[in-house]
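Notes follow the structure.
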Amino acid sequence: MVAQAVASVARKPKEYKSDVHPTWCPGCGDFGVLSALYQAMSQAGLDFNHAVLVSGIGCSSRIPFFVKTYGFHGCHGRALPTALGLKTARPDLNVIVAGGDGDGFSIGAGHLPHVARKNVDLVYIVMDNRIYGLTKGQVSPTSNLGFVTTTTPYGSQEDPVDPVTFSVIYGATFVARGFSADRNHLADLIIQGMHHKGFAIIDVVSPCPIFNKDDTFDYFKPLVRKIDGAHDPGDRMKALELAMSVHTSETVPIGVYYRREAPSLGDRMEALKRANKGSDTPDLSAVLDVFKV
Ligand code: SF4
């Protein structure tokens, strides 16, 4: 994140815990994500007085309550535009967005391409359990074909959305996947996302053992494969090929799929201000230069 405000003293992961205890079910994958987030904040030296955690609605979207930063528990599917407004108004803050697959890829799906193409300086953590857990088990946009839920008693007849594939196509400048059972690896991905200047999305395999009996930790553990260092993350076509391999292979690649440097929305706004400063007749060539990627 561009405004990486660092704490004046090193803080331990437990110092990022709030006084509110997580209300998730025992065994929920979201505990692993929360733990990795504490670790990442500690290792990055994040100043919690200059950090905001923004969420939508869903089991995972309760996460701002459990972290000792400022928080915004918003409307269903509206975490990204809320965070965009916050980051634009207060570029000095580190803004982290978190939510579930239903929140982000169903009702909120229309926001992702625009936040990605604007390259807003945010870290977006998707806790992907392929089910609506809070409302007790309905099919979600990332549920597998044939998945039986209360709303799909004969099995889902829809192909799932893959958050990583979509994010690469939409032009996100940092795209990764983590696994909530691998805390150190996930914490490292979150730190990389924090240091990335621009929009960083991390899709996290985070099982819901209560309502999704197919996609459990035991199911994923033998499938997860680390890809760090195995390909050039600057190659968008390779990243896309890797992302799409989840449809044809029995593995779930985790790590950084894609990364590129590009001006963030905040950079471009600042450059526009500089280009126009004190002049009624702005230098258009300077303004156009701002938009060169
Ligand atoms: Fe986690 Fe599922 Fe329980 Fe929600 S219902 S808290 S996703 S285990």
Side-chain angles (χ1 to χ4, degrees), residues 16-40 53-67 71-80 96-109 112 123-144 146-153 155-156 158 160-164 177-183 185-187 189-190 201-221 223-224 252 254:
Y16 290 87
K17 290 183 180 178
S18 76
D19 296 334
V20 181
H21 294 293
T23 47
W24 295 314
C25 309
C28 178
D30 295 348
F31 283 104
V33 181
L34 180 62
S35 181
L37 184 60
Y38 292 142
Q39 187 173 322
L53 192 48
V54 179
S55 70
I57 294 293
C59 290
S60 55
S61 287
R62 294 175 182 147
I63 199 166
F65 292 105
F66 315 137
V67 182
F72 192 107
H73 189 195
C75 302
H76 195 28
R78 307 297 173 235
L80 282 176
I96 299 169
V97 190
D101 42 289
D103 187 83
F105 289 91
S106 187
I107 188 170
L112 181 67
V123 179
Y124 181 28
I125 301 169
V126 181
M127 287 171 259
D128 188 350
N129 54 23
R130 303 179 176 180
I131 189 85
Y132 283 91
L134 188 69
T135 45
K136 303 196 183 303
Q138 295 80 32
V139 70
S140 103
T142 60
S143 299
N144 282 329
F147 185 48
V148 176
T149 70
T150 55
T151 46
T152 52
S156 171
E158 303 161 8
V161 163
D162 175 42
V164 170
R177 174 175 281 127
F179 183 32
S180 67
D182 193 338
R183 186 186 63 185
H185 184 257
L186 178 56
L189 293 177
I190 296 172
I201 178 167
I202 304 162
D203 182 60
V204 185
V205 176
S206 180
C208 166
I210 304 298
F211 293 111
N212 188 338
K213 303 290 187 192
D214 289 359
D215 299 315
T216 60
F217 283 110
D218 286 345
Y219 168 74
F220 279 113
K221 272 178 185 163
L223 302 183
V224 161
V252 178
I254 60 170

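Note that these values count all heavy atoms, side chains included, but never hydrogens, waters or copies made by symmetry. Numbering of residues begins at 1 and proceeds along the displayed sequence. Keep in mind it's a predicted model, so treat the numbers as computed, not measured. Counting convention: from 1, in listed order, for ligands and their atoms alike.
- Ring pair Phe66/Trp24 is perpendicular by interplanar angle, where above 60° counts as perpendicular and below 30° as parallel.
- The CD1 atom of Ile125 sits 5.0 Å away from the CG atom of Leu37 when rounded to the nearest 0.5 Å.
- Counting atoms of ligand 1 from 1 in the listed order, those under 4.0 Å from a heavy atom of Asn129 are 7 (S).
- Heavy-atom minimum distance, Arg177 versus His185: O-CE1, 4.3 Å.
- Residue side and main chain included, Cys25 places an N/O/S atom under 2.8 Å of atom 3 (Fe) of ligand 1.
- The protein non-hydrogen atom at the shortest distance from atom 1 (Fe) of ligand 1 is Cys28 SG, 2.4 Å.
- Heavy-atom proximity to Phe211, at under 4.0 Å, picks out these atoms of ligand 1: 5 (S).
- Between the CG atom in Asn212 and the OG atom in Ser206 there is a gap of 11.0 Å [rounded to 0.5 Å].
- For ligand 1, the atoms sitting less than 4.0 Å from at least one non-hydrogen atom of Pro209 are 8 (S), numbered in the order shown with element in parentheses.
- Checking Cys59 against atom 4 (Fe) of ligand 1, an N/O/S atom falls under the 2.8 Å cut-off.
- Residue Cys208 has at least one heavy-atom neighbour below 4.0 Å for each of these atoms of ligand 1: 2 (Fe), 5 (S), 7 (S), 8 (S).
- When all heavy atoms of Ser60 and Gly100 are compared, the closest pair comes out as OG-N, 3.1 Å.
- Numbered from 1 in the order shown, with element, the atoms of ligand 1 that lie under 4.0 Å from a heavy atom of Ile210 read 3 (Fe), 8 (S).
- Aromatic rings of His73 and Phe65 (six-membered ring for Trp) have centroids within the 6.0 Å cut-off, being under it.
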